[in-house]
Amino acid sequence: MRRHAYVTLVTNADYAMGARALMRSVALSGSEADRVVLYTGGVVPEALAGIDARLVRIELLPTSDAFNERHGRARLHAAAPFTKGDKPPFHTPLDNFAKLRLWQMTEYDRVVFLDADTLVLRNCDRLFDYPEFAAAPNVYESLGDFHRLNSGVFVARPDLATFHAMVQALDRPGAFWRRTDQTFLETFFPDWHGLPVFYNLLQYVWMNLPGLWSWDQVKIVHYQYEKPWQDHDKADRLRPLVDLWHAYAGEGPVPRLSDLPMPG
Ligand code: UDP
Ligand code: MN
């Protein structure tokens, strides 16, 4: 058994589409590590067909009713509005916390978690040498973004004691994690290690910080907010990135990164 894995999470058929393209991208990156999709009962079996990965059935975390209500979609959006972009209708904030289940995967020494809306564009196996907890900053608009991590890509060390400590810390009376797992992980690992931003290059960088875009340096692109498989109002401005995702989602060839256009 190999002791390294790239792991993603899917709780419905929409994110399973993301996971299919993502796992193909990891395979094309030439990695020897395992590929794992954690999925819940909310995913219809047809949606998982043909995904090139180990499929592991999980349950959502057994959080309290009060916790679940506070983190319900309508309540969370009202208490902590999203002002920078739109979350798709199939995004259920509460489901994000199931990411923490990867700490139960003790058959692996190191895991790289990837959101289902990411693509691995170059081999990232170096990440398995990073310590826990390593993530890239949440950069897509301004310098202030460096204060926060983005939880769409991170390096973790599965460990049951860590998992239990996390579940305890998560569902405290009155606890409200405004950006769900992201806020929680930032709080649980205040001394997080920073990864280069190119390990989690957010799609809004293309529009808001075009000077940071680099096809030479990008390792992982992350379609935060609107998803490339949705019809959405930013798709035209993000066209080359949307087309790139569709190339990975299909079965044909994927473009060479050096052939892609630059923003602007
Ligand atoms: N996710 C899921 N179902 C949901 C919400 C989230 O499977 O209803 C998983 C999926 O892997 C997704 C990740 O959690 O990529 C985080 O959500 P998303 O990527 O939509 O958040 P964003 O990157 O836009 O903040
Ligand atoms: Mn994401």
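Read the numbers this way: they start at 1 and go in the same order the structure lists the ligands and their atoms. Excluded from the calculations below are hydrogen atoms, water molecules and symmetry mates; all remaining heavy atoms, backbone and side chain alike, are included. Computed from a predicted model, the values in this text were never measured in an experiment.
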Examine the side chains of N150 and N200 and answer whether a donor and an acceptor come within less than 3.5 Å of each other. yes
Select one of side chain, backbone, both or neither to describe which atoms of D95 lie under 4.0 Å from any atom of ligand 1, heavy atoms only. side chain
D171 and S64: side-chain donor and acceptor closer than 3.5 Å? yes
Atom indices of ligand 1 within 4.0 angstrom of H222 heavy atoms, with elements: 23 (O)
Angle between ring planes, F128 versus Y6, binned at 30° and 60°: parallel, tilted or perpendicular? perpendicular
Interatomic distance, CD@Q104 vs CG@L102, rounded to 0.5 Å, equals 9.0 Å
Which of the numbered atoms in ligand 1 are under 4.0 angstrom from any heavy atom belonging to K87? 21 (O), 22 (P), 24 (O), 25 (O)
For atom 15 (O) of ligand 1, what's the nearest protein heavy-atom neighbour? Residue, atom name and distance, please. A116 N, 3.0 Å
Starting from atom 13 (C) of ligand 1, which protein heavy atom do you reach first, and at what distance in Å? D115 OD1, 3.4 Å
Parallel, tilted or perpendicular, as decided by the 30° and 60° cut-offs, for the rings of F133 and F189: parallel
So which of L241, N208, D117 actually passes side-chain contact (heavy atoms from CB on, under 4.5 Å) with Q203? L241
Proximity flag Y223 to ligand 1, non-hydrogen atoms under 4.0 Å: no
Is there a donor in the side chain of W103 and an acceptor in the side chain of D159, or the other way round, less than 3.5 Å apart? no
Any N/O pair Q224/ligand 1 closer than 3.5 Å: no
Run through the protein N/O/S atoms less than 2.8 Å from the Mn ion (ligand 2) and write them out by chain and number. D115 OD2, D117 OD1, D117 OD2, H222 NE2
Considering the heavy atoms of N96, write down every atom of ligand 1 situated less than 4.0 Å from one of them. 1 (N), 5 (C), 6 (C), 14 (O), 16 (C), 17 (O)
For Y199 and Y130, which I'm curious about, is there any donor-acceptor pair between the side chains at under 3.5 Å? no
Check: K99 N/O within less than 3.5 Å of ligand 1 N/O: no
Counting from 1 in the order shown, the ligand 1 atoms closer than 4.0 Å to a non-hydrogen atom of N12 are 8 (O)
Heavy-atom nearest neighbour of atom 8 (O) of ligand 1 within options T92, N150, V7: T92
F113 N/O to ligand 1 N/O under 3.5 Å: no
For atom 12 (C) of ligand 1, what is the nearest protein heavy atom, given as residue, atom name and distance? Y15 CE2, 3.5 Å
Just checking, any donor-acceptor pair under 3.5 angstrom between side chains of H4 and D109? no
Ring-face cation of R20 near Y15 (centre distance under 6.0 Å, axis angle within 45°): no
Sub-6.0 Å ring centroid separation between F184 and F97: no
Centroid-centroid distance, H71 to F176, less than 6.0 Å: yes
For ligand 1, which atoms, with element, lie under 4.0 Å from some heavy atom of Y225? 24 (O)
Yes or no: does K227 have any heavy atom under 4.0 Å from an atom of ligand 1? yes
Considering the heavy atoms of F90, write down every atom of ligand 1 situated less than 4.0 Å from one of them. 8 (O)
Pair Q230, Y223: side-chain N/O donor-acceptor within cut-off below 3.5 Å: no
